[in-house]
Asker: 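Structure below; questions to follow.
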Amino acid sequence: MIEPMKKVSVVLLNKEKEEALKALRKIGLVHLEKIDGASEKLTAFKEYSNNAMLTESILGEIKLPKVKKGTEPKLSDEKVIELCKEVVAKSERKKQLMEEISADTTELDRFALWGNVSNEDFDFLKEKNIELKMYEINADKYNLVDKDIQTILVNNDKKTVRFLIVNGGEGRPEKLLPEAFEVPFPRISTVQLEEEIRRDEKELDEIQSFYAENAKYIPAVIAFKKALESDIEFENVNSGMGCEKEGSENDLAWLSGYVPSANLEDFKKNCAENNWAIAYADPEDEDTEVPTKLKNNKFVSLIYPLTDFLGTVPGYHEFDISGWFLLFFTIFFAMIFGDGGYGALVAVVILFLMVKTKLSGKKVPAAFGLFLLVSLATVVWGAVTCTWFGIPVEKLPPQLVNLSIPWISSAYENTLWNVPWIADKSIGLTKSQNLQIFCFGLALIQLSVAHIKAAIRNAKDGKGLKVLGDLGSLLQLIGMFWVVLAMVVNGKVFPMLGYIGTVPVGYIEVSLIAGGFAMSFIFANYEGSIGASILESCKNIISVLLGVVNVFSDIVSYIRLWAVGLAGAAISNTVNTLAGPILGHAILFLAAIVLLVFGHGLNMILNVLSVIVHGVRLNTLEFCTHIGMSWSGVKYQPFADDK
């Protein structure tokens, strides 16, 4: 559930605000509204933080021998600030040096075929009334240069002739062939360029040595940066909170935020002890910054590591779907991962890590619990579908085969399953079609849950007629479910039109979709006036009509669970096929083991990526679209010493 919040405002004396903020941070209950502070101290803190971040990145590239935790060299905050400032300065200098070396190297390459070029020599000759200019021309054109132009041949190769023009006057000689290209003088002499490159490279080596020498202080920099985060937060609030600036002894300061309703009495007591004035009220619908604090039992909380990783937080006025998210994500993970052998392997590794962590006296990460749950679910799915490391069914022990459910088991891959309402026994459903029906059944259940929850919310909020819009969407979903079965699975078993026995499924299906559409069209936007609701639907008629198509596509989208699982099974089977023939050879046995480990390991990694892409998507997109969630929430983070 999402814990109810109270919006609070605290008023105190301006002269006491620093001490008050320290006390407020110790209380650790108020999630402050966004504050943008500004002060010289805050600017300095942010500069220190940026420098520390850059220093950590630069020095982190240096490989150092591992040292025992707790024995890392220490530095005072002043020394860390000085070190970070120097590292950043040297980083800028390093960038400048590399740019200079690149430019000088390019310049040297330009004169590589000219030999040493000395600007001083050219200047000396110019003082003696001998002005030289450097030119290049195609080898077959050099003999065509006008004889009135005095030239000196420097060198040539098969393509190009390099030559000097003596006293050619200002600009380009008029009689010079257009093919001749003037070579500008270098910035400085080539010998000086080479010397400059050597100096820059030496300085680069010195900078790198400085990095290597100070890389041992990375832990001190990280600790300083972490501590600075708290200082930045404090100073941001201190400099940004509202206050009177009349210079009076009784000037006031104030700030606003949110406190969980369950903690309000404790907070009021703390305010009284500190002589602060407090006002509080329930958040309004217009309040967009109300933080979300989730409170669930330990089992449902297993999903938190995943939602924290994704950065998804429901809005304060939205739904807490943690339980449903965990349930369906577990099922989706098992179906996509697909293989009971993979699940068992992951479960064993996770159990080992959990026991090892527990024995070391450390807290077992919450993520381990989630991994254990989904891996055990994968074992169950592998058991009911008879999928174990991609091993052919005929090579599996009978006990494992007997655990499977026949109509979705790989052991009955070629069996045609008849249905009661089809008299023709040549018409039935295959194992793959049964799995597709299972996927679409999950879609129907999950998306129905979304509309039912939305209807319950509207009923509680007194929007009785809007509930009819939610029920209309539910009816469309049920009708479209049959359309999907008819079009995707088997049109003979699930006829889109006509009868099944005496049941007019075609009429029922069309009636559900048409009636559901009408109810949704009339009541989906109801806010007190049916006419206004219909008008709003008319304004968005294109989106409303496309909504029917979207219901179809959302249901079909769940087929990815079957398709991705099928792809994983095909990869594991291919790995076994490649490794099988060489397992019996003593010389190639090791190579076969390596192939099996690599192939199945890669397949497991691909499966994990598929879960993140597809399993998460069905929860955060399809399901949340139907329930009306946008994940617009802000996580509850109180102003506290330790977060």
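The residues of the chain are indexed from 1 along the displayed sequence.
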Asker: Which heavy atom of Leu264 sits nearest to which heavy atom of Lys6, and what is that distance?
Answerer: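 Reported closest heavy-atom pair: CD2-CG, 3.8 Å.
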
Asker: Among Phe333, Phe337, Phe438, Trp562, whose ring-ring contact (aromatic ring centres under 6.0 Å, His included) with Trp381 holds?
Answerer: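 Considering Phe333, Phe337, Phe438, Trp562, a ring-ring contact (aromatic ring centres under 6.0 Å, His included) with Trp381 is found only for Phe438.
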
Asker: Check this for me: does any side-chain nitrogen of one of Glu56 and Lys225 sit under 4.0 Å from a carboxylate oxygen of the other?
Answerer: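 Salt bridge flag = yes for Lys225 with Glu56.
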
Asker: Check the angle between the aromatic planes of Tyr342 and Phe389 and answer parallel, tilted or perpendicular using the 30° and 60° thresholds.
Answerer: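 Correct class here is perpendicular.
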
Asker: Which is it for Tyr412 and Val393 under the side chain to side chain contact (heavy atoms under 4.5 Å, CB included) test, yes or no, and what are the steps along the way?
Answerer: CA-CA 9 Å; Tyr412 301 88; Val393 175; over 6 Å; no

Asker: For residues Ser533 and Ile522, report the shortest heavy-atom separation together with the two atoms involved.
Answerer: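 Nearest pair, atom of Ser533 first, then Ile522: OG-O, 2.6 Å.
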
Asker: Output, in order, the C-alpha distance, side-chain angles, deciding distance and verdict of side chain to side chain donor-acceptor pair (under 3.5 Å) for Asp287 and Tyr316.
Answerer: CA-CA 9 Å; Asp287 291 327; Tyr316 179 74; over 6 Å; no

Asker: Would Asp282 and Lys7 pass as an ion pair if we require N to O under 4.0 Å?
Answerer: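 Lys7 and Asp282: not salt-bridged.
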
Asker: Under 4.0 Å between a Lys/Arg side-chain N and an Asp/Glu carboxylate O for Lys431 and Glu413?
Answerer: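 Yes, this pair counts.
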
Asker: Check step by step if salt bridge (Lys or Arg N to Asp or Glu O under 4.0 Å) holds for Lys453 and Asp470.
Answerer: CA-CA 9 Å; Lys453 284 182 71 67; Asp470 297 318; over 6 Å; no

Asker: In the structure I gave you, are the side-chain heavy atoms of Leu477 and Asp554 within less than 4.5 Å of one another anywhere?
Answerer: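 With C-beta onward as the side chain, the pair stays apart.
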
Asker: Less than 6.0 Å separating the ring centroids of Phe332 and Trp324?
Answerer: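 Not under 6.0 Å, so no.
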
Asker: Is it the case that Asn576 and His600 place a side-chain donor and acceptor less than 3.5 Å from each other?
Answerer: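 A pair is found: one side chain offers a donor N or O, the other an acceptor, under 3.5 Å apart.
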
Asker: More than 12 heavy atoms of other residues, nucleotides or ligands under 6.0 Å from CD of Glu394: yes or no?
Answerer: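 Above 12, so yes.
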
Asker: Could you verify whether a donor N or O on one side chain and an acceptor N or O on the other, from Arg560 and Ser557, lie under 3.5 Å apart?
Answerer: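 Yes, side-chain donor-acceptor contact under 3.5 Å.
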
Asker: Measure the acute angle between the ring planes of Phe371 and Phe368, then classify it against the limits of 30° and 60° as parallel, tilted or perpendicular.
Answerer: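 Aromatic pair Phe371/Phe368 classed tilted.
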
Asker: Given the rule in the ring pair (Phe, Tyr, Trp, His ring centres under 6.0 Å) test, do Trp631 and Phe319 qualify, once you have shown the distances and angles that lead to the verdict?
Answerer: CA-CA 9 Å; Trp631 297 103; Phe319 297 92; over 10 Å; no

Asker: Keeping the roles fixed (side chain from Glu318, backbone from Ser630), state whether a donor-acceptor pair exists under 3.5 Å.
Answerer: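 Yes, because the side chain of Glu318 sits within donor-acceptor range (under 3.5 Å) of the backbone of Ser630.
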
Asker: Can a donor-acceptor pair be found between the side chains of Thr385 and Thr387 at a distance below 3.5 Å?
Answerer: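 Checked: Thr385/Thr387 side chains pair up, N/O donor to acceptor below 3.5 Å.
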
Asker: For the rings on Trp482 and Phe494, is their centre-to-centre separation under 6.0 Å?
Answerer: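 Centroid distance Trp482-Phe494: below 6.0 Å, so yes.
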
Asker: Below 4.5 Å, heavy atoms only, C-beta onward: do Phe329 and Val611 meet side chain to side chain?
Answerer: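 Of all side-chain heavy-atom pairs linking Val611 with Phe329, at least one is under 4.5 Å.
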
Asker: Is it the case that over 12 heavy atoms from other parts of the model lie below 6.0 angstrom from the CE atom of Met496?
Answerer: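 Yes, enclosed.
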
Asker: Would you name the heavy atoms of Trp421 and Val493 that are closest together and state the gap between them?
Answerer: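 In this case the closest contact between Trp421 and Val493 is NE1-O, 2.7 Å.
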
